[in-house]
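Every chain is numbered from 1, with letters handed out A, B, ... down the list of sequences.
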There are 2 protein chains.
Amino acid sequence: MSEIQSLARGLRALDILEAETDGMGVTRLARRIDIDKSTASRIMKTLAIYGYVEQSSETRRYTLGPRLVRLGQSLLNRTPLRDQARPYLRELVAQTQECAHIAVRASDQVLYLDQVEATASLRVSTGVGTLAPLHSTALGKVLLAFGDNRLPELLERFTPRTITDADTLRMHLEQARRQGYAIDDEEFSYDVRCVAVPLYGLDGELVGAIGISGPGARLTLSRIHDLALVVSRVGQALSDRLAYRHEDQPSDGGDV
Amino acid sequence: MSEIQSLARGLRALDILEAETDGMGVTRLARRIDIDKSTASRIMKTLAIYGYVEQSSETRRYTLGPRLVRLGQSLLNRTPLRDQARPYLRELVAQTQECAHIAVRASDQVLYLDQVEATASLRVSTGVGTLAPLHSTALGKVLLAFGDNRLPELLERFTPRTITDADTLRMHLEQARRQGYAIDDEEFSYDVRCVAVPLYGLDGELVGAIGISGPGARLTLSRIHDLALVVSRVGQALSDRLAYRHEDQPSDGGDV
DNA sequence: TCGTTTGTTGGGAATTGTACAATCCAGGTT
DNA sequence: AACCTGGATTGTACAATTCCCAACAAACGA
């Protein structure tokens, strides 16, 4: 009773269109959502009015609309973290030759705010805006270990190494707190390892995490622990910067 | 009959939340949308289920949800233009010391896909994802002059210099075609000038526009025409790259 | 502490949305 | 030309939602 059908259907239409790069007609959309095409037509028209989808005047197919770019960007820009972090991400890439990310917590997931890719041809890339689970990524573990440490209900398995037992995870988090950094040893994707450290804001509260990730062959466990020092240093530098930021200081790429 | 109320209300709620960085409670939202707060509560709950908004468990206020970041990003990544253009934008900034943008057409507006900011403290910055009118921006005029040249119905005035007459605009577009570039001489924002050139894709069709913008004091009309050459060269280089791109070639920051 | 504001939930009555079928339209196929 | 498919639109019973009311718990302020 508390879920509004027509709204939910509109949102599902957006979800479906996200996967369909070439757009989709009303008839096919209606089949996917399992509603009548007349209903789908009205729903899509409403979405179009508000710019959430666009209809090609030729093919009459619907695609996601520019409004969504704006909304997403508005959300990303909301956190000053992102602007300030860029040069530090680049610094990390320069020092480690691996892909660098920052992320914040979004409810029970990790939201990747930004990334700078390594130049090596073999590299790991997680799209900006991607959501990932807290328990099986280095950035997520940092957010759990140093911030709100209530664990997600369900610890889903992604690889054989994913930690699915709450107590084991708590032990890992404890170790991360002691070490000052968290790692992900092929727990989310095969052959991908990561290491991440916390970022603190003005009042010393956790605001996010920064880390690097790379292919397992290059990023061995022993190298991970070496690089943890580099990541910590850069993370500390960024935290320092976040701690005393001047309101009107242009956030040009400061050196690390 | 063709607009679905509950959907439209949900979308309006998102619009309102975009402006409210700190989130908003159900009661205030209900007043803004002019519906009952019980209805608002149910609508917001539905939006929350799909991740379009998030409710703080402490303050119970709603804010935009991470889902929107993902959708927006998905849309941005849809065009390979954006990835490929970055190094060229940086090159433009390096050569001109002004802010550089790329944009594509989104229905009857210009959608800014990406930008690289100049390091000067006085600079012009248009947010990624911003939508601007076609007739009063350099990027928009390029899209009109070199692409689909059907003019928007209404030529809205933003500054005293905005071209609001269709015939005058057509003359300007004709001139842009002859020159190979379009300019915006304080037609959208006071004290902001821009110059832009077209970008062509694989089949020689217009795919977007690239340009620079800056404060009027620095970017005088005569300097604009000088810089047009620089912008053209970089735009041409990017077009060349877009024309023969190899599928699996890593798009690392190639030199211009 | 007591009032106040806020979010949620629950009821009828009024309004709106939905499915189904019918129709029209544009392109592509036979 | 006749046919088919996907899409958009419209009308009408029927299902769902919204409104306005009220009640209630929880958080907030004084």
If only side-chain N and O atoms count, and only distance matters, is there a donor-acceptor pair under 3.5 Å linking B:R61 with B:Q55?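 Side-chain D/A pair, B:Q55 to B:R61: absent.
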Starting at the 5' end of DNA chain D, which residue's closest nucleotide do you reach first, A:Q5 or A:L29? A:L29
For A:R31 and for B:L7, find the nucleotide of DNA chain D with the closest heavy atom, then tell me which residue's nucleotide is more 5'. A:R31
Please state whether the phosphate of [N], meaning OP1 or OP2, lies under 4.0 angstrom from any side-chain nitrogen or oxygen of [X].
X	N	result
B:Y62	C:dT8	yes
A:S38	D:dT10	no
B:S41	C:dG7	no
B:Q55	C:dT8	yes
B:K45	C:dG7	no

Salt-bridge criterion met for [X] and [Y] (N-O under 4.0 Å):
X	Y	answer
B:R86	B:D114	yes
A:R157	A:E187	no
B:R170	B:D167	yes

Can you name the one residue among A:I33, A:L29, A:L7 that meets side chain to side chain contact (heavy atoms under 4.5 Å, CB included) with A:R12?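 By the side chain to side chain contact (heavy atoms under 4.5 Å, CB included) criterion, A:R12 pairs with just one of A:I33, A:L29, A:L7: A:I33.
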Starting from [atom2] on [N], measure out to [atom1] on [X] and report it in whole angstrom.
X	N	atom1	atom2	answer
A:I35	C:dC20	CD1	C1'	14 Å
A:R42	D:dG7	CZ	P	17 Å
B:R28	C:dT6	CZ	P	9 Å
A:M44	D:dA8	CE	C1'	13 Å
B:I49	C:dT8	CD1	C1'	14 Å
B:I4	D:dT17	CD1	P	12 Å
B:I43	D:dC19	CD1	P	7 Å
B:R9	C:dT15	CZ	C1'	10 Å

Nucleotide nearest A:T39 when distance is taken to its side chain, options D:dA8, C:dA19, D:dT17: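 Comparing D:dA8, C:dA19, D:dT17 against the side chain of A:T39, the answer is C:dA19.
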So what does B:T27 touch, heavy atoms closer than 4.0 Å: a base, only the sugar-phosphate, or nothing?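 Sugar-phosphate, backbone atoms only, no base.
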Hey, does B:R61 reach any base, or is it just sugar-phosphate, or nothing, if we go heavy atoms under 4.0 Å?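 Nothing, no heavy atom under 4.0 Å.
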